[in-house]
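Quick one: structure below, then a few questions.
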Amino acid sequence: MATTAPTGSPLSQPSLTHPPPPRKVTTVKALSELPGLSSIPSIYTFPKQTYHEPVSDTKEPIPTIDFSLLTSSHPGQRSKTIRELGKACRNWGFFMVTKHGVPERMMKAIIEVCREFFELPEEEKRGIGGKHVLDPIRFGTSFNESVDEILCWRDYVKIFQHPEFHSPKKSPSFREIALEYSKRVRLVAREIIRGISESLGLEKDYIDETLNLENGLQLIAANLYPPCPRPELAMGLPPHSDHGLLTLLIQNQIGGLQVQHKGKWVNIDPIPNSFLANIGDHIEILSNGKYKSVLHRAVVNNRDERISIAVPHGPALDAIVSPASKLVENVGNPPAYGAMKYKEYLELQQGTMLNGKSCLERIRNGD
């Protein structure tokens, strides 16, 4: 039978094996605005040999997909564009999307309302949402500040847009702008996913119907990368791939995104008024590895604030994702990945540190 130690006795003192109290983490925005800041806390310093490989000077252009041709009523133009889309997915995993029909004013407006959100007092932002990956509104810093051993030089807000629309009350203008923006972007994403489906030799609506994209998860993930006094030591986001099927990203005029291509890091400078698109882990799973999600990272600078707005599109949360049967049947190509519910994959990723494609590797068959 356990005994209760009197107050003040040695038995009542905390054991040395108890975990330390949770560290208090401020936002990077608040940290960057400290007067006279000339260095960064060690918790933001990444191992140089791991994360700061030199950037390639390749002049090979990132592929560009003309969305108006992808949706063309002219069969020849559309077929040619689908072939180009398939090549972009195979060779890069990233591509620009032009002539997509989303007005430039709308793209600028969503960046501006996200900027306004980040300008709110820290206590107001901290109070808006939960911490679980399936909470519809989350604000935080780093990637997952509760498990990250080294913190990223980044604040974020993630807001579910579909199948249910959510909006932070602290930013009244956000609702109207985000509602229209997310609808327009979702139409673009679903059409690109139909093109990807055809490029794999599947039916046009195979991915859409198999993974229930009518109820697919769409969220706005707004990222703030404040100026950093020691950018050579910090990372905005370390190398990672995205969950889901397709992410469409825009940013203010400040660069910082780098993509791994042919084993080297490449700076990406988007075409004005375009989307930067990348395929996610669940396209890699569904294609049985024919198309691979690609590592990318965000670097920071010591002069300018960068804002990026990523809109990931995924299957329905309860959809089970596995390699398409047509891509593994009768071709001597056994399934390379196990089947997993999309919701469970999100929880798996959120429960670990952001580390390359480690989450996807955990469901690879034979490992």
Backbone N/O of His261 and side chain of Asn91: donor-acceptor pair under 3.5 Å:
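The answer is no, because no donor-acceptor pair under 3.5 Å joins these two groups.
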
Between Gln258 and Asn267, a side-chain donor and acceptor under 3.5 Å:
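Yes, side-chain donor-acceptor contact under 3.5 Å.
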
If you compare all heavy atoms of Val28 against all heavy atoms of Asp155, which two are closest, and at what distance to 0.1 Å?
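Answer, listing the atom of Val28 first, then Asp155: N-OD1, 2.9 Å.
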
How are the rings of Phe118 and Phe139 set to each other: parallel, tilted or perpendicular (split at 30° and 60°)?
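The rings of Phe118 and Phe139 sit tilted, inter-plane angle from 30° to 60°.
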
I'd like to know if Glu191 and Arg194 make a salt bridge, using a cut-off of under 4.0 Å between side-chain N and carboxylate O.
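Judged by the 4.0 Å cut-off on N to carboxylate O distance, Glu191 and Arg194 do form a salt bridge.
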
Does Glu164 reach the side chain of Pro136, with side-chain heavy atoms less than 4.5 Å apart?
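No; the side chains remain at least 4.5 Å from each other.
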
Set out, in order, the CA-CA distance, both residues' side-chain angles and the distance that settles side-chain contact (heavy atoms from CB on, under 4.5 Å) for Arg154 and Met235, then state yes or no.
CA-CA 8 Å; Arg154 168 239 197 186; Met235 290 295 296; over 6 Å; no

Would you call the rings of Tyr181 and Phe275 parallel, tilted or perpendicular, where under 30° means parallel and over 60° means perpendicular?
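Tilted.
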
CD/Glu112: more than 12 non-hydrogen atoms of other groups inside 6.0 Å
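Yes, CD of Glu112 has more than 12 neighbouring heavy atoms, counting only those of other groups under 6.0 Å.
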
Is the terminal nitrogen or CZ of Lys341 (NZ for Lys, CZ for Arg) located under 6.0 angstrom from the six-membered ring centre of Tyr345 and within 45° of that ring's axis?
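That pair does not qualify as a cation-pi contact.
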
Just by distance, do the side chain of Asp135 and the backbone of Arg138 share a donor-acceptor pair under 3.5 Å?
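No.
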
Test: Lys29 and Glu122 ion pair at under 4.0 Å:
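No, no charged N to carboxylate O under 4.0 Å.
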
Least distance between heavy atoms, Pro61 atom then Trp92 atom
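Looking at all heavy atoms of both residues, the closest pair is O-CZ2, 3.8 Å.
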
To the nearest 0.5 Å, what is the distance between OH on Tyr291 and CD1 on Ile283?
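Nearest 0.5 Å value for the OH-CD1 distance: 9.0 Å.
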
Counting distance only, does the side-chain N/O of His74 pair as donor-acceptor with the main-chain N or O of Gly76 below 3.5 Å?
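Yes, the answer is positive, given that a donor and an acceptor are paired below the 3.5 Å cut-off.
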
A side-chain contact here means heavy atoms from C-beta on lying under 4.5 Å apart; do Val321 and Pro315 qualify?
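The answer is yes; the side chains approach within 4.5 Å.
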
Between Leu224 and Ile111, is there a shared hydrophobic cluster once you connect ILVMFWY residues whose side-chain heavy atoms come closer than 4.5 Å?
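Per the 4.5 Å side-chain linkage, Leu224 and Ile111 are co-clustered.
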
For Ile40 and Pro229, which heavy atoms make the closest approach, and how far apart are they?
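Minimum heavy-atom contact is CG2-CG, 3.8 Å.
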
Does any N or O in the side chain of Gln218 come within less than 3.5 Å of the main-chain N or O of Ser182, such that one atom is a donor and the other an acceptor?
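A pair under 3.5 Å: yes.
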
Verify side-chain contact (heavy atoms from CB on, under 4.5 Å) between Thr98 and Ile65, making sure each step is shown before the conclusion.
CA-CA 6 Å; Thr98 60; Ile65 300 300; over 6 Å; no

Any donor-acceptor pair under 3.5 Å from Ser197 side chain to Glu203 backbone
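Pair found, side chain donor or acceptor close to backbone of Glu203.
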
salt_bridge(Arg190, Asp208) N-O dist < 4.0 Å:
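Looking at Asp208 together with Arg190, the answer is yes, because their closest N to O distance falls below 4.0 Å.
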
Assess whether salt bridge (Lys or Arg N to Asp or Glu O under 4.0 Å) is satisfied between Lys290 and Glu284, documenting all intermediate values.
CA-CA 7 Å; Lys290 184 174 182 179; Glu284 177 166 340; over 6 Å; no

Point-to-point distance, once rounded to the nearest 0.5 Å, from OG of Ser274 to CG of Leu248:
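One finds 10.5 Å between OG of Ser274 and CG of Leu248.
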
Heavy-atom neighbours of Glu344 CD exceed 12 at 6.0 Å
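More than 12 within 6.0 Å, yes.
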
Expected output: side-chain His100 to main-chain Asn273 donor-acceptor under 3.5 Å:
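Between the backbone of Asn273 and the side chain of His100 there is a qualifying donor-acceptor contact (under 3.5 Å).
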
How long is the span from the CD1 atom in Ile254 to the CD atom in Glu305, to the nearest 0.5 Å?
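Ile254 atom CD1 to Glu305 atom CD measures 9.0 Å (nearest 0.5 Å).
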
Closest non-hydrogen atom pair between Phe174 and Ile110, with its separation
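Nearest pair, atom of Phe174 first, then Ile110: CE1-CD1, 4.4 Å.
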
Assess whether side-chain contact (heavy atoms from CB on, under 4.5 Å) is satisfied between Val259 and Val294, documenting all intermediate values.
CA-CA 7 Å; Val259 173; Val294 175; 3.7 Å; yes

Between the side chains of Glu232 and Arg230, is the shortest nitrogen-to-carboxylate-oxygen separation below 4.0 Å, so that they form an ion pair?
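Salt bridge: yes.
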
If two hydrophobic side chains count as joined below 4.5 Å and joins carry through other members, does Met106 share a cluster with Ile159?
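Yes, it is one cluster - the side chains of Met106 and Ile159 are joined through contacts under 4.5 Å.
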
Check: Gln161 side chain, His166 main-chain N or O, donor-acceptor pair, under 3.5 Å:
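Yes: the side chain of Gln161 pairs with the backbone of His166.
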
Is the closest side-chain heavy-atom distance between Ile150 and Pro47 below 4.5 Å?
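They are in side-chain contact.
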
So that I can tick it off, tell me whether Lys99 and Asp66 are bridged by a salt bridge, with the cut-off set at under 4.0 angstrom between side-chain N and carboxylate O.
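Salt bridge flag = yes for Lys99 with Asp66.
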
Any Lys/Arg nitrogen of Lys108 or Glu104 sitting under 4.0 Å from an Asp/Glu carboxylate oxygen of the other?
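The answer is yes: the pair qualifies as a salt bridge.
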
So, the side chain of Asn333 versus the backbone of Val328: is there a donor-acceptor pair under 3.5 Å, distance only?
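Answer holds: no.
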
Are Met340 and Tyr337 connected, step by step, through hydrophobic side chains (Ile, Leu, Val, Met, Phe, Trp, Tyr) whose heavy atoms are closer than 4.5 Å?
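Met340 and Tyr337: one cluster.
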
Smallest separation among heavy atoms of Ala234 and Phe46, with atom names:
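For Ala234 versus Phe46, the nearest heavy atoms are C-CD1, 4.3 Å.
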
Side-chain contact, heavy-atom cut-off 4.5 Å: Arg362 with Leu348?
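Side chain of Arg362 against side chain of Leu348, heavy atoms only: contact under 4.5 Å found.
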
Quick one: CG on Leu360 to CD1 on Ile285, what's the gap to the nearest 0.5 Å?
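Result: 5.5 Å between the selected atoms.
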
Tell me if a side-chain donor or acceptor on Asn288 pairs with a main-chain N or O of Pro334 at a distance below 3.5 Å.
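Judged by distance alone, yes, a pair lies under 3.5 Å.
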
Is any side-chain heavy atom of Ser308 closer than 4.5 Å to one of Asn252?
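Heavy-atom side-chain distance check fails, nothing below 4.5 Å.
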
Would Arg83 and Ser199 count as a side-chain contact (heavy atoms from CB on, under 4.5 Å) here? Give the steps.
CA-CA 6 Å; Arg83 289 195 298 273; Ser199 75; over 6 Å; no

Would you say Lys158's side chain and Ala222's backbone share a donor-acceptor pair under 3.5 angstrom?
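It does not hold such a pair.
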
Look at the rings of His296 and His240 and say which category their plane angle falls in: under 30° parallel, 30 to 60° tilted, over 60° perpendicular.
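The arrangement is tilted - the two ring planes meet at 30° to 60°.
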
Regarding Arg364 and Glu361, does a basic nitrogen lie under 4.0 Å from an acidic carboxylate oxygen?
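A salt bridge links Arg364 with Glu361.
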
Do Tyr342 and His243 come close enough that some side-chain heavy atom pair is under 4.5 Å?
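SC-SC contact between Tyr342 and His243 confirmed.
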
Is there side-chain contact between Pro227 and Asn302, with at least one heavy-atom pair below 4.5 Å?
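Counting from C-beta outward, Pro227 and Asn302 never come under 4.5 Å.
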
Salt-bridged, Glu119 to Arg115, with N to O below 4.0 Å?
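Not counted as a salt bridge, because no side-chain N and carboxylate O are separated by less than 4.0 Å.
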
What is the distance from atom CD1 of Ile193 to atom CG of Leu211, rounded to the nearest 0.5 Å?
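Spacing of CD1 (Ile193) from CG (Leu211) equals 9.0 Å.
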
Any link between Leu286 and Ile320 through a network of hydrophobic side chains (Ile, Leu, Val, Met, Phe, Trp, Tyr) touching at under 4.5 Å?
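No; Ile320 is not reachable from Leu286 via cluster members.
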
Minimum heavy-atom distance between Tyr225 and Leu237, given as atom pair plus value:
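The answer is OH-CD1, 3.6 Å.
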
Hydrogens and angles aside, do Gln77 and Ser72 bring a side-chain donor and acceptor to less than 3.5 Å of each other?
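Yes - a donor-acceptor pair under 3.5 Å links their side chains.
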
Just so I know, are the side chains of Leu85 and Thr81 near enough to count as touching, which here means a heavy-atom distance under 4.5 Å?
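No. Closest side-chain heavy atoms not under 4.5 Å.
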
Interatomic distance, Leu257 atom CG to Trp265 atom CH2 [nearest 0.5 angstrom]
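Rounded to the nearest 0.5 Å, the CG-CH2 separation comes to 9.0 Å.
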
Flag yes if Ile137 and Val113 sit in one hydrophobic cluster, no otherwise; membership is Ile, Leu, Val, Met, Phe, Trp, Tyr, and two members link when side-chain heavy atoms are under 4.5 Å apart.
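Ile137 and Val113: one cluster.
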
